[in-house]
Amino acid sequence: MTSEIRRTFYPLIRSADPARTMAWLEKAFGFTEIAAHKDDTGKIVHAEMRFDTGLVMLGAAETAATAVYVAVDDPDAHHDRAKAAGAEIFRPLSDQDYGSRDYAARDPDGNEWYFGTYRP
């Protein structure tokens with residue numbers, strides 16, 4: 001059985017201060033918060049924001065870096081295909097507290113890709 005890959009891409013923004021980035025996106029473009037997931041200290045570690053039909057995701061990081069999040073229906077099968085195609089898996093397939101089952105890979109050119117079952 002071949003799993004269908006969803007064709008929706010959501011940009012994932014890595015930010016040293018997701019709360020500040022969220023405030024800027026709201027003020028600059030009118031984005032609205034969908035969800036914000038915090039760690040035990042109250043710092044936002046993952047968030048989703050919407051603008052019209054667009055969606056942006058934010059994640060905490062030591063330094064800012066942009067990546068691409070790809071929503072897929074079957075991340076396990078997708079993971080195996082990516083690995084077979086030469087991707088380096090740098091974050092193993094796992095279930096996340098915010099509801100996604102995902103993994104991260106670098107393509108042969110070194111670009112970072114995040115794949116998961118995110119459902120807005």
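- Cluster membership check: Leu58 does not share its hydrophobic cluster with Val45, using side-chain heavy-atom separations under 4.5 Å among Ile, Leu, Val, Met, Phe, Trp and Tyr.
- For Ser94, the side-chain hydrogen bond (donor to acceptor under 3.5 Å, both in side chains) partners two or more places apart in sequence, or in a different chain, are Gln96.
- Summarising the geometry of Ala36 relative to Ile44, their closest heavy-atom pair is CB-CD1, 4.1 Å, with the distance given to 0.1 Å.
- Residue pairs meeting the salt bridge (charged side-chain N to carboxylate O under 4.0 Å, His left out) criterion with at least one member in residues 88-100, sequence neighbours excluded, are Glu88-Arg106, Arg91-Asp102, Asp95-Arg101.
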Under 3.5 Å, which donor-acceptor pairs link side chains of residues 18-26 to any protein atom two or more places apart or in another chain?
residue: Thr21; atom: OG1; partner: Ser15; partner atom: OG; Å: 2.7
residue: Thr21; atom: OG1; partner: Asp17; partner atom: O; Å: 3.4

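- Partners of Lys83 by side chain to side chain contact (heavy atoms under 4.5 Å, CB included), not counting sequence neighbours, listed by chain and number: His79, Ile89.
- The side-chain hydrogen bond (donor to acceptor under 3.5 Å, both in side chains) pairs that include a residue from residues 30-43 are Asp39-Thr41, where partners are two or more places apart or lie in different chains.
- Atoms CZ and OH, from Phe90 and Tyr103 in turn, are 10.5 Å apart once rounded to the nearest 0.5 Å.
- Partners of Asp80 by side-chain hydrogen bond (donor to acceptor under 3.5 Å, both in side chains), not counting sequence neighbours: none found.
- Between His78 and Phe115, the angle of the ring planes lies from 30° to 60°, which puts this pair in the tilted group.
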